[in-house]
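Some notes on the structure that comes next.
These figures come from a predicted structure and were not determined experimentally. Throughout, residue positions are numbered sequentially from 1 according to the sequence presented.
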Amino acid sequence: GADKGTTAAWMAAHRGMYERATRHPFTVSIRDGTVDLAAFKRWLGQDYMFVREFVAFLASVLLKCCKQSDSSDMEIILGGLASLSDELSWFKKEAAKWSVDLAGISPLTSNTEYCRFLQSFNDPEISYTVAITTFWIIETVYQDSFAFCIQDGHKTPLELLGTCQRWGSPEFKQYCQSLQRIADRCLANATSDAVKSAEEAFLRVLELEIGFWDMSSSQS
Ligand code: HMH
């Protein structure tokens with residue numbers, strides 16, 4: 001329809017999956033204050049590894065963007081890439097605070113699977129539309145999950161507030177909204193095949209995010 005973008009329509013059509021990703025028992029336990037700190041530390045170490053791979057993914061999105069030569073998109077993506085530099089420093093500081101040894105971590109299965117998915121975007125055959133849509137939903141799952149941990153009535157432990165604010169802040173929400181506008185504009189101009197591929201990637205991200213939270217909270 002003219003009143004709603006494609007991405008909003010997908011979020012409505014796949015509401016159950018979206019909520020399983022953004023109201024996962026792990027992040028809800030942060031909000032409730034019942035979070036298992038061993039699980040939090042597991043998430044922290046695994047996510048540091050994920051973010052390193054995410055830098056390379058974002059570089060591939062930027063490259064696809066540059067080939068299309070849309071300079072306003074480029075500035076937003078480049079800004080996102082630049083902020084990952086600060087994010088990696090934040091992970092190192094946070095890991096030190098929780099005595100998580102980042103050098104000694106190896107990726108768990110769900111993380112490896114997610115990283116392999118990110119690496120698949122190096123293929124030049126994958127369109128900018130599919131890549132930017134994927135980027136948007138990856139960021140949005142974290143934005144929505146962590147914003148919930150700092151919304152009214154939360155009991156999030158004080159020492160976890162910084163983590164929740166990193167992705168739950170109004171600034172990060174605005175950034176996600178600008179990515180959403182780019183994705184919707186690309187999708188509005190894409191072929192039906194590209195739209196179909198983008199929707200498949202959207203669903204794959206939700207599945208991978210659920211797997212990532214499951215991995216973080218499980219005791220194995
Ligand atoms: C698993 N998904 C995962 N980690 C992240 N840091 C983000 C999304 C958001 O950047």
key: side-chain contact (heavy atoms from CB on, under 4.5 Å) partner of Tyr128, the single match among Ile132, Ile126, Val130   = Ile132
remark   = Closest non-hydrogen contact found for Thr27 with Ser145 is CG2-CB, 4.1 Å
query = Any side-chain heavy atom of Phe202 within less than 4.5 Å of one from Thr134?
reply = no
key: Closest heavy-atom pair and its distance - Ala21, Val141   = O-CG1, 3.8 Å
remark   = When every non-hydrogen atom of Leu187 is compared with those of Ala198, the smallest separation belongs to CD2-CB, 3.7 Å
task = Could you pull out the closest heavy-atom pair between Cys186 and Thr129, with the gap in Å?
result = CB-OG1, 3.6 Å
ask   = Hey, is the main chain of Glu87 close enough, under 3.5 Å, to the side chain of Lys92 for a donor-acceptor pair?
value = no
inquiry  = Return the OG to CD distance between Ser110 and Glu209, rounded to the nearest 0.5 Å.
reply    = 11.0 Å
query = Can you list the steps and then say if Phe148 with Ile30 is a side-chain contact (heavy atoms from CB on, under 4.5 Å)?
reply = CA-CA 10 Å; Phe148 188 56; Ile30 294 177; over 6 Å; no
key: Side chain to side chain, Arg20 and Leu206, heavy atoms closer than 4.5 Å   = no
key: Cluster link Phe117 to Phe50, ILVMFWY, side chain under 4.5 Å   = yes
message = Can you tell whether the side chains of Glu159 and Lys97 come within less than 4.0 Å, N to carboxylate O?
response = no
ask   = Side-chain donor-acceptor pair under 3.5 Å between His154 and Asp32, yes or no?
value = no
ask   = In this structure, are over 12 heavy atoms from other groups packed under 6.0 Å from Lys196 atom NZ?
value = no
query = Transitively linked via ILVMFWY side-chain contacts under 4.5 Å: Val28 with Phe26?
reply = no
key: Residues, nucleotides or ligands: over 12 heavy atoms within 6.0 Å of Arg23 CZ   = yes
key: Contact check, side chains of Asp73 and Arg185, non-hydrogen atoms, under 4.5 Å   = yes
key: Side-chain heavy-atom pair Arg31, Gln151 within 4.5 angstrom cut-off   = yes
query = Taking atom CG of Leu179 and atom CD of Gln174, what is their separation to the nearest 0.5 Å?
reply = 12.0 Å
query = Mind checking whether Val35 and Pro157 have side chains closer than 4.5 Å, heavy atoms only?
reply = yes
key: Under 3.5 Å: donor-acceptor pair, side chain of Asp86, backbone of Ala82   = no
ask   = How long is the span from the CZ atom in Arg166 to the CD atom in Glu94, to the nearest 0.5 Å?
value = 9.0 Å
task = Indicate whether the side chain of Glu53 and that of Tyr114 have a donor and an acceptor atom separated by less than 3.5 Å.
result = no
query = Ion pair present between Lys173 and Asp144, side-chain N to carboxylate O less than 4.0 angstrom?
reply = no
Ring centre gap for Phe40 and Trp213 strictly below 6.0 Å = no
ask   = Between Phe57 and Phe54, what is the ring plane arrangement, given parallel below 30°, perpendicular above 60°, and tilted in between?
value = parallel
task = Could you walk me through whether Trp10 and Val195 pass side-chain contact (heavy atoms from CB on, under 4.5 Å), step by step?
result = CA-CA 11 Å; Trp10 291 344; Val195 174; 4.0 Å; yes
query = Please walk me through it: do Thr140 and Met11 pass side-chain contact (heavy atoms from CB on, under 4.5 Å)?
reply = CA-CA 11 Å; Thr140 298; Met11 288 165 103; 4.2 Å; yes
inquiry  = Just verifying a value: how many Å separate Gln68 CD and Ser127 OG, rounded to the nearest 0.5 Å?
reply    = 8.0 Å
inquiry  = Side chains of Glu19 and His24: any donor to acceptor distance under 3.5 Å?
reply    = no
message = Between Glu113 and Arg116 (salt bridge meaning N to carboxylate O under 4.0 Å), is one present in this structure?
response = no
inquiry  = For Phe91 and Trp43, take the angle between the two ring planes, folded into 0 to 90°, and tell me which bin it lands in: parallel under 30, tilted 30 to 60, perpendicular over 60.
reply    = tilted
request  = State plainly whether one hydrophobic cluster holds both Val61 and Leu63, where clusters connect Ile, Leu, Val, Met, Phe, Trp and Tyr through side-chain heavy atoms under 4.5 angstrom apart.
outcome  = no
key: Short N-O contact, Asp101 and Lys41, less than 4.0 angstrom   = no
ask   = After noting the C-alpha distance and the side-chain angles of Ile182 and Ser178, does the key distance pass the side-chain contact (heavy atoms from CB on, under 4.5 Å) rule?
value = CA-CA 6 Å; Ile182 298 173; Ser178 38; 5.5 Å; no
query = Would a hydrophobic clustering, with Ile, Leu, Val, Met, Phe, Trp and Tyr connected at side-chain separations under 4.5 Å, put Ile138 with Met17?
reply = yes
request  = Please answer whether the main-chain N or O of Phe146 pairs with a side-chain N or O of Gln165 as donor and acceptor at a distance below 3.5 Å.
outcome  = no
ask   = How many angstroms lie between atom NZ of Lys93 and atom CG of Leu88, to the nearest 0.5 angstrom?
value = 13.0 Å
note = dist Gln180:CD -> Thr7:OG1 (nearest 0.5 Å) comes out at 3.5 Å
Backbone N/O of Gln46 and side chain of Asn111: donor-acceptor pair under 3.5 Å = yes
query = Taking all non-hydrogen atoms of both residues, which atom of Pro107 and which atom of Thr112 are closest, and how far apart?
reply = CB-OG1, 3.6 Å
task = State yes or no: are the ring centers of Trp90 and Trp167 separated by less than 6.0 Å?
result = yes
ask   = Linking Ile, Leu, Val, Met, Phe, Trp and Tyr through side-chain heavy atoms less than 4.5 Å apart, which residues share a cluster with Ile150?
value = Leu158, Leu161
Shortest non-hydrogen contact from Lys64 toward Asp123 = NZ-O, 2.9 Å
